[in-house]
2 protein chains.
Amino acid sequence: MRYHRIPDETIRRLPVYLRGLLSSAEQGHERISSKDLAEFLGVNSWQVRKDFSYFGGFGTRGVGYEIDKLAQQIKKILNLDNVKKAALVGVGNLGSAVLAYPGFKMFGLEIAAAFDISPKKVGKKINNVKIEDASKLQTLRRREIKLAIISVPRDAAQKTADSLIKAGVKGILNFSPCYISVPKKVKVITIDIAMDLARLPYYIPAG
Amino acid sequence: MRYHRIPDETIRRLPVYLRGLLSSAEQGHERISSKDLAEFLGVNSWQVRKDFSYFGGFGTRGVGYEIDKLAQQIKKILNLDNVKKAALVGVGNLGSAVLAYPGFKMFGLEIAAAFDISPKKVGKKINNVKIEDASKLQTLRRREIKLAIISVPRDAAQKTADSLIKAGVKGILNFSPCYISVPKKVKVITIDIAMDLARLPYYIPAG
DNA sequence: CTATGTGAATTTATTCACAGCA
DNA sequence: TGCTGTGAATAAATTCACATAG
């Protein structure tokens, strides 16, 4: 193992690898080669090996990778063994869908709190998570929740982010279609569904 | 204007610029400088200018960009003036939220069809779109729908994609947490919500 | 004097090719 | 012999610096 600054693109791919490894384990495999893992995920085998090499290389030459061990390592690198709980703000259509989304569990992630401003929604439960009033956002600090998902209307996104950061949140997954300005120490990943759909036509030949 | 191979990253940013321009127009502006646009979107001004320069540069030196004109140009480049209709397959929690999502309109996109296999859902209407039986997927060809959104369970994603491609679909926005294998001519963009949330902890210092 | 447009320099990421270990 | 791990080569994207047009 040697020190390297880890490319951001490698970090982006780690959850992809993790997903592949966990799927492979589900199917009863214990070992996997970079080639098989790559094919399963639609990437190149040398990319896989290069990415793992930044962390020291986890495989056995001539054999491949031990799935469980590698998955554990990736979880550790991604800090998924420490940070697990996330809060969701904005329980509209999209927010409700995210609350009910079953895919977080495989990464050890859990939506542990949900907030909304509508009195009609506050108090209800979705997927066993009780919806709290948005004024209670500051409780996140003592609950040690450092991740949040924003699914409020665009105009409320920046203010929501400000409150979340004041409550100690360090990472934000933003579903609102706008840029959110945050201090350097806070990481924001924005998912804009419409924007992703909007760039598909570029790849479609006219006619 | 000169010929250049356009970087994929530039294409990825074009909808971001478009969103910014449309917002700016909403606020009553007619012109905008690369600096102002960049600040609004959280990018650098030289990045904006460089990106536009691949298409020939649309601005006026000393003045800036005419918002309407530039927005039209970007729409044209992205092929958003030709391709507008999309189909959605899988009307579960996430699919319903996507159907009701108001953000597509600003890009001129429209979800014009929705499909599901559940008899309970078929026939219902969400957001004025009638849910059809999934066996009717092949009608997409004569309806000239070339874009599709997949929000079915993971195990059904590949088969759904195969059917869509058989029906003439050329671009797929995939919400299922898995790799989808497609012919080269078909473009797939995968959004994996859990994966995006899963890489946030990496950026959060322990403790 | 202002703000664009763009070659050139730099940084970052991907791909290759093969050495090294089981 | 098979598959990993990694320097080196290549490719791509970003950043810079400034000439250029209004």
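Both backbone and side-chain heavy atoms feed into the values below; hydrogens, waters and symmetry mates do not. Every chain is numbered from 1 and lettered A, B, ... according to where its sequence line falls, protein lines coming before strand lines. All values reported here derive from a predicted model rather than from experimental measurement.
- Counting heavy atoms of neighbouring residues, nucleotides and ligands inside a 6.0 Å radius, atom CD1 of A/I189 exceeds 12 of them.
- The separation between B/R5 atom CZ and D/dA13 atom C1' is 10 Å, rounded to whole Å.
- For A/W46 and B/W46, each mapped to the nucleotide of DNA chain C holding its nearest heavy atom, the one lying further toward the 5' end belongs to B/W46.
- A donor-acceptor pair shorter than 3.5 Å can be found between the side chains of A/R49 and A/S34.
- Note: CZ (B/R61) to P (C/dA3) measures 14 Å, nearest angstrom.
- The nearest whole Å value for the distance from the OH atom in A/Y17 to the P atom in D/dT4 is 13 Å.
- The interatomic distance linking B/Q47 (CD) with C/dT6 (C1') rounds to 14 Å, in whole Å.
- Checking B/D8 against A/F58, the closest nucleotide of DNA chain D that is more toward the 5' end is the one next to A/F58.
- Each of C/dT6, D/dT6, C/dC21 was ranked by its minimum atom distance to the side chain of B/S53; first place goes to C/dT6.
- In summary, the side chains of B/T60 and B/R31 do not present any donor paired with an acceptor at a separation below 3.5 Å, with no hydrogens or angles considered.
- In this structure, B/R13 pairs ionically with B/D51, as a charged nitrogen and a carboxylate oxygen lie closer than 4.0 Å.
- Among the protein residues, B/Y65 comes within range of the sugar-phosphate backbone only, with heavy atoms under 4.0 Å from sugar or phosphate atoms but none that close to a base.
- Rounded to an integer number of Å, the gap from A/L70 CG to D/dT4 P is 11 Å.
- Taking side-chain N and O atoms only, B/N44 has a distance below 4.0 Å to OP1 or OP2 of D/dT15.
- Closest contact between the side chain of B/R49 and the listed nucleotides C/dA13, C/dT6, D/dT4 involves C/dT6.
- With distances taken from any side-chain atom of B/K50 to the nucleotides C/dT15, D/dT15, D/dA19, the minimum falls on D/dT15.
- Atom-to-atom, CZ of B/F55 to P of C/dG5 comes out at 13 Å; the value is rounded to the nearest Å.
- We find that CD1 of A/I6 is positioned 17 Å from C1' of C/dT14, with the value rounded to whole Å.
- Note on B/S34: a side-chain N or O is less than 4.0 Å away from OP1 or OP2 of C/dT4.
- Across all strands shown, A/R13 has heavy atoms under 4.0 Å from sugar-phosphate atoms exclusively, and none from any base.
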Derivation and outcome, side-chain hydrogen bond (donor to acceptor under 3.5 Å, both in side chains), residues B/D116 and B/S118: CA-CA 6 Å; B/D116 203 285; B/S118 162; 4.7 Å; no
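- The interatomic distance linking A/Y54 (OH) with C/dT12 (P) rounds to 12 Å, in whole Å.
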